[in-house]
**Student:** 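Before we start, here is the structure in question, set down as structure tokens.
These numbers come from the heavy atoms of this one structure, side chains and all, not from hydrogens, waters or symmetry mates. In what follows, every chain begins at residue 1, and chains take the letters A, B, ... in the order their sequences are listed.
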Protein chains: 2
Amino acid sequence: MDVKTIILGFLSEGEMSGYDIKQAFSNSIGFFYDASFGAIYPALRKLEEEGLVTKQEIIQSGKPNKILYQITDSGKDLFYQEMASPIVPPILRSDMLVKIFFAGNRTVEEREELFANGLQMQKKLLENTKKAFAKMADSLDPYQTFCWKYTMNHLEMTIKFIEDQAPHLLKQ
Amino acid sequence: MDVKTIILGFLSEGEMSGYDIKQAFSNSIGFFYDASFGAIYPALRKLEEEGLVTKQEIIQSGKPNKILYQITDSGKDLFYQEMASPIVPPILRSDMLVKIFFAGNRTVEEREELFANGLQMQKKLLENTKKAFAKMADSLDPYQTFCWKYTMNHLEMTIKFIEDQAPHLLKQ
DNA sequence: TGGACCATGTAAGTAGTTACATGATTCG
DNA sequence: CGAATCATGTAACTACTTACATGGTCCA
């Protein structure tokens with residue numbers, strides 16, 4: 001699953017601008033697949049070249065003009081195909097876990113700080129996710145709600161795991 | 001945390017070849033940070049250019065010769081600094097969660113298959129992780145063991161979450 | 001009045017992946 | 001006898017991030 005395919009997914013639910021799509025990434029699926037403007041705009045250009053989306057410029061007053069993108073039938077076909085392809089394993093890059101992995105040679109104070117920082121980051125992430133979910137919950141379908149709950153569950157379990165295990169490790 | 005820094009981390013514990021380093025990625029931290037040969041060999045070349053590692057060719061009979069890399073004092077300094085830098089949030093790319101997020105428009109059969117596939121993948125991942133852990137457990141320090149247990153805990157929680165929630169979603 | 005929001009886009013750089021090239025040995 | 005292991009490396013490509021460029025509106 002790449003950025004182009006995910007954009008087709010968003011456009012399946014209605015026309016959107018590049019800016020709208022960035023909002024959708026950040027506010028909806030950012031936890032399990034994020035993308036920057038620098039990935040989204042070039043992806044939209046390629047999708048248009050391939051005939052998977054069409055565009056329409058909207059003249060606005062008081063705001064910059066915007067370009068709305070619509071998915072085409074071949075775009076829908078491709079998205080449908082991608083959705084039916086086998087699930088591939090997740091890719092994770094966790095700075096926290098790498099730092100813990102190599103913590104064996106560090107001082108007790110450094111380890112304490114490491115766990116405190118990790119815990120703080122996870123708690124901040126959970127707090128932000130809960131706030132964002134509260135704002136969106138009404139507009140979500142059951143599958144989208146599942147993803148949000150998965151994220152919150154994951155963060156809660158991570159916090160619990162660190163709080164349970166870290167004292168043991170630091171006592172030794 | 002990038003591939004170069006993680007290689008310095010491995011070399012802190014003793015000299016290794018590029019091949020050894022690939023093994024260490026795959027067998028130890030692959031779940032939360034993986035890297036390919038095509039990332040490792042160029043990273044080693046850059047580390048040598050920067051004076052952070054030195055190398056030594058070992059002539060072997062019956063096997064291809066290998067090049068062992070050693071970390072230098074400035075390599076150790078840099079690694080130490082990186083380890084003390086603030087933890088940045090994890091980056092995740094989950095094909096499964098994206099597919100679930102967009103499952104709202106699919107048929108009941110397609111959704112059932114999606115959850116079945118997702119569950120199967122997570123179970124396979126857990127099984128592989130448990131087997132690999134059983135082989136390594138003796139040689140791990142408490143911080144490395146923490147990372148393995150974190151991984152297994154995460155996979156178990158994910159499986160439990162899907163098994164609990166999916167029947168609800170599919171009944172509707 | 002300063003920051004957040006709306007809005008698009010490019011250039012330069014980073015950081016990889018995948019596939020290819022090579023080839024002996026060892027194990028089941 | 002075929003697959004896995006050991007072992008290094010490059011070329012072509014993919015896919016992205018970060019920073020820059022621009023500028024009006026709205027709200028506290």
Side-chain angles (χ1 to χ4, degrees), chain A residues 1-8 15-27 29-30 32-50 53 55-69 82 88-93 95 98 131-132 135, chain B residues 1-8 15-27 29-30 32-50 53 55-69 82 88-93 95 98 131-132 135:
Chain A
M1 192 74 74
D2 57 7
V3 170
K4 275 163 61 188
T5 308
I6 295 173
I7 291 175
L8 291 177
E15 56 184 17
M16 293 169 103
S17 66
Y19 192 86
D20 295 334
I21 290 166
K22 173 58 186 157
Q23 300 295 105
F25 269 100
S26 299
N27 302 328
I29 66 165
F32 50 90
Y33 206 118
D34 206 1
S36 63
F37 281 120
I40 292 166
Y41 286 115
L44 282 167
R45 205 198 61 217
K46 282 176 207 155
L47 286 168
E48 204 207 343
E49 280 167 15
E50 292 162 11
V53 305
K55 70 180 181 187
Q56 196 191 344
E57 188 166 2
I58 306 294
I59 312 297
Q60 298 188 117
S61 57
K63 287 185 210 178
N65 292 342
K66 67 174 166 183
I67 298 166
L68 286 180
Y69 289 87
E82 289 291 323
V88 295
I91 293 164
L92 176 60
R93 313 222 119 158
D95 191 41
V98 173
K131 274 185 195 160
K135 278 190 196 163
Chain B
M1 192 74 73
D2 58 6
V3 171
K4 274 162 61 189
T5 307
I6 295 172
I7 291 176
L8 291 178
E15 56 184 17
M16 293 170 103
S17 67
Y19 192 85
D20 295 334
I21 290 166
K22 173 59 187 158
Q23 299 296 102
F25 270 100
S26 298
N27 302 328
I29 67 165
F32 51 88
Y33 207 118
D34 207 0
S36 63
F37 281 121
I40 292 166
Y41 286 115
L44 283 168
R45 205 197 61 218
K46 281 176 208 155
L47 286 168
E48 204 208 341
E49 281 167 15
E50 293 163 11
V53 305
K55 71 180 180 187
Q56 194 190 346
E57 189 166 1
I58 306 294
I59 311 299
Q60 298 187 120
S61 58
K63 288 185 206 174
N65 293 341
K66 67 175 168 183
I67 299 166
L68 286 181
Y69 290 87
E82 287 293 321
V88 297
I91 292 164
L92 176 59
R93 313 223 121 161
D95 191 40
V98 172
K131 275 185 197 161
K135 280 189 197 163

**Student:** Using whole Å, report how far NZ of A/K46 lies from C1' of D/dC16.
**Tutor:** 9 Å
**Student:** Roughly how many Å is it from CZ in B/R45 to C1' in D/dT8, rounded to a whole number?
**Tutor:** 13 Å
**Student:** Are OP1 or OP2 of D/dT17 and a side-chain N or O of A/S36 less than 4.0 angstrom apart?
**Tutor:** yes
**Student:** Would you compute the distance between atom NZ of A/K22 and atom CG of A/N27 and round it to the nearest 0.5 angstrom?
**Tutor:** 9.0 Å
**Student:** Rounded to the Å, how far apart are A/L47 CG and D/dA15 P?
**Tutor:** 12 Å
**Student:** Please tell me which of A/P42 and A/N65 maps to the more 5' nucleotide of DNA chain C, matching each residue to the nucleotide holding its nearest heavy atom.
**Tutor:** A/N65
**Student:** Quick one: CD on B/Q56 to CD1 on B/I67, what's the gap to the nearest 0.5 Å?
**Tutor:**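 Answer rounded to 0.5 Å: 11.0 Å.
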**Student:** Which is the 5'-most and which the 3'-most nucleotide of DNA chain C that has an atom under 4.0 Å from a heavy atom of chain B?
**Tutor:**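 First and last nucleotides in contact are C/dG16 to C/dT25.
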**Student:** Rounded to the Å, how far apart are A/K22 NZ and D/dT18 C1'?
**Tutor:** 12 Å
**Student:** Kindly say whether B/M1 contributes a backbone atom to a donor-acceptor pair with the side chain of B/T5 at under 3.5 angstrom?
**Tutor:** no
**Student:** Just checking B/Y33: base, sugar-phosphate only, or nothing, at a heavy-atom cut-off of under 4.0 Å?
**Tutor:** sugar-phosphate
**Student:** Sort and list the pairs that fulfil side-chain hydrogen bond (donor to acceptor under 3.5 Å, both in side chains) and have at least one residue in residues 35-49 of chain B, not counting sequence neighbours.
**Tutor:**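 Pairs touching residues 35-49 of chain B that pass the test: B/R45-B/E49.
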**Student:** Starting from P on D/dC6, measure out to CE on B/M16 and report it in whole angstrom.
**Tutor:** 13 Å
**Student:** Provide, to the nearest angstrom, the distance between the CG atom belonging to B/L44 and the C1' atom belonging to D/dT10.
**Tutor:** 15 Å
**Student:** Is the shortest side-chain N/O distance from B/Y19 to OP1 or OP2 of D/dT8 below 4.0 Å?
**Tutor:**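 It does not, given that no N or O in the side chain of B/Y19 lies less than 4.0 Å from OP1 or OP2 of D/dT8.
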**Student:** Write down the distance between CD1 (B/I58) and P (D/dC6), rounded to a whole number of angstrom.
**Tutor:** 17 Å
**Student:** Check the distance between D/dT18's P and B/D2's CG and give it to me in whole angstrom.
**Tutor:** 13 Å
**Student:** If you compare all heavy atoms of B/V3 against all heavy atoms of B/Y33, which two are closest, and at what distance to 0.1 Å?
**Tutor:** N-OH, 3.9 Å
**Student:** Classify the nucleic acid contact of A/G38 as base, sugar-phosphate or nothing, counting any heavy atom under 4.0 Å across all strands shown.
**Tutor:**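 A/G38: base contact, heavy atoms under 4.0 Å.
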**Student:** Could you give me the CA-CA distance, side-chain angles and deciding distance for B/L8 and B/V53, then say whether side chain to side chain contact (heavy atoms under 4.5 Å, CB included) is met?
**Tutor:** CA-CA 8 Å; B/L8 291 178; B/V53 305; 3.9 Å; yes
**Student:** Heavy-atom nearest nucleotide on DNA chain D for B/I67 versus B/R93: which residue maps closer to 5'?
**Tutor:**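 Per heavy-atom nearest nucleotide, the more 5' residue is B/I67.
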**Student:** Closest approach of B/D95 and A/V88, non-hydrogen atoms and distance?
**Tutor:**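 What the structure gives for the nearest pair is OD2-N, 2.9 Å.
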